[in-house]
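All ligand and atom numbering here is 1-based and tracks the order in the structure. Numbering of residues begins at 1 and proceeds along the displayed sequence.
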Amino acid sequence: MNLKIVRTIVELRQEIADYRLSKPVNPSVGFVPTMGFLHEGHASLIRQSSASNGLTVLSIFVNPTQFGPGEDLDKYPRDEQRDLRIAADSGADLVFMPSVQEMYPNRRLTTVTVSEVTDRLCGASRPGHFDGVALVVAKLLNIVQPDRAYFGLKDAQQIAVIASMVQDLNIPVEIVPCPIVREPDGLALSSRNVYLEPEERKQALILSQSLSQAAEWIHEGLTSSQLVQRLKDEINRSPLADIDYVDILKYPDLGPIEADKQLSEVDNRVLIAVAVRFGKTRLIDNRLLNPAEVGAQLCFAK
Ligand code: PAF
């Protein structure tokens with residue numbers, strides 16, 4: 001199928017209904033929601049959807065409700081033509097590119113708030129952010145009604161929020177978490193990496209490097225608070241790094257880990273998450289691992 005672009009909800013629903021009515025061999029619909037300025041991380045989600053579903057729908061929508069005052073909504077990078085090339089090359093069939101008016105035509109009276117899993121990390125640093133994410137993802141899932149939806153684990157907290165919402169609201173979709181994609185030198189791919197000045201880009205490597213070392217440090221018998229401190233000290237060796245948070249939580253419930261327990265004895269998936277500013281750019285990265293497994297094995301690693 002050639003890539004088709006639709007901008008309205010009515011057109012999108014019609015295309016998906018036509019597809020399902022055509023009784024295809026593999027009738028499942030995969031969905032990849034994005035805010036555009038696609039990179040290899042998004043391409044990997046599209047490829048994964050395309051490999052498992054008969055139809056892959058990609059949405060490109062810079063959602064204003066998930067940006068706080070003073071955040072980068074107005075300068076969020078956009079490149080429609082490049083996005084469409086990447087979408088086609090990666091195997092998307094249908095691209096939904098609604099306007100803000102199409103998605104939010106009326107004054108909004110409904111909010112979607114997921115509690116507890118939003119208490120820490122980006123939920124604490126960006127108040128209201130996950131309400132905006134939950135609202136737009138709930139709307140998109142209702143509009144597309146996919147069988148599976150694909151999300152990158154760089155936003156591990158976002159996946160926990162969406163998985164809780166889908167479960168609580170009985171939205172009939174499988175949420176598929178996909179591995180973080182990195183540059184060859186380790187920097188996690190992000191549309192916001194284009195904001196980084198060359199020296200900031202160089203120093204930002206401290207995130208992936210310190211997270212890689214964390215798995216080794218766990219086996220020195222550190223507790224979670226000791227590991228948080230070790231990570232902070234390591235990140236602070238980069239003079240341009242301005243730490244927003246470093247935290248270690250159980251995953252996916254994002255509950256705390258007993259402060260005095262050695263991490264190597266925690267038999268649970270744990271998320272080691274960092275958010276750090278380099279100049280005006282706020283980067284996040286994480287490692288999801290099971291410390292009690294030999295070598296603190298990465299979960300969802302490629
Ligand atoms: O991860 C993103 O790009 C956004 O938060 C999402 C899921 C597309 C919602 O706007």
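- For Ser52, there are no side chain to side chain donor-acceptor pair (under 3.5 Å) partners at least two apart in sequence or on another chain.
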Would you list the atom pairs, donor with acceptor, under 3.5 Å between side chains in residues 127-139 and any protein atom, with sequence neighbours excluded?
unit_1	atom_1	unit_2	atom_2	d
His129	ND1	Gln66	O	2.8
Asp131	OD1	Thr113	OG1	3.3
Lys139	NZ	Met103	O	2.8

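- Applying the salt bridge (charged side-chain N to carboxylate O under 4.0 Å, His left out) rule to Glu199 yields the partners Lys202; only residues at least two apart in sequence or on another chain are considered.
- Residue-environment remark: NZ (Lys250) exceeds the threshold of 12 foreign heavy atoms within 6.0 Å.
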Below 3.5 Å only, please: the N or O atoms of ligand 1 paired with protein N or O atoms, distance on each line.
unit_1	atom_1	unit_2	atom_2	d
ligand 1	1 (O)	Gln158	NE2	2.8
ligand 1	5 (O)	Gln66	NE2	3.0
ligand 1	5 (O)	Gln158	OE1	2.7
ligand 1	10 (O)	Gln66	OE1	2.6

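- At least one cation-pi condition fails for Arg192 and Tyr76: the charged atom is not both under 6.0 angstrom from the six-membered ring centre and inside a 45 degree cone around its axis.
- A salt bridge does not link Asp79 to Arg85: none of the charged nitrogens lies less than 4.0 Å from a carboxylate oxygen.
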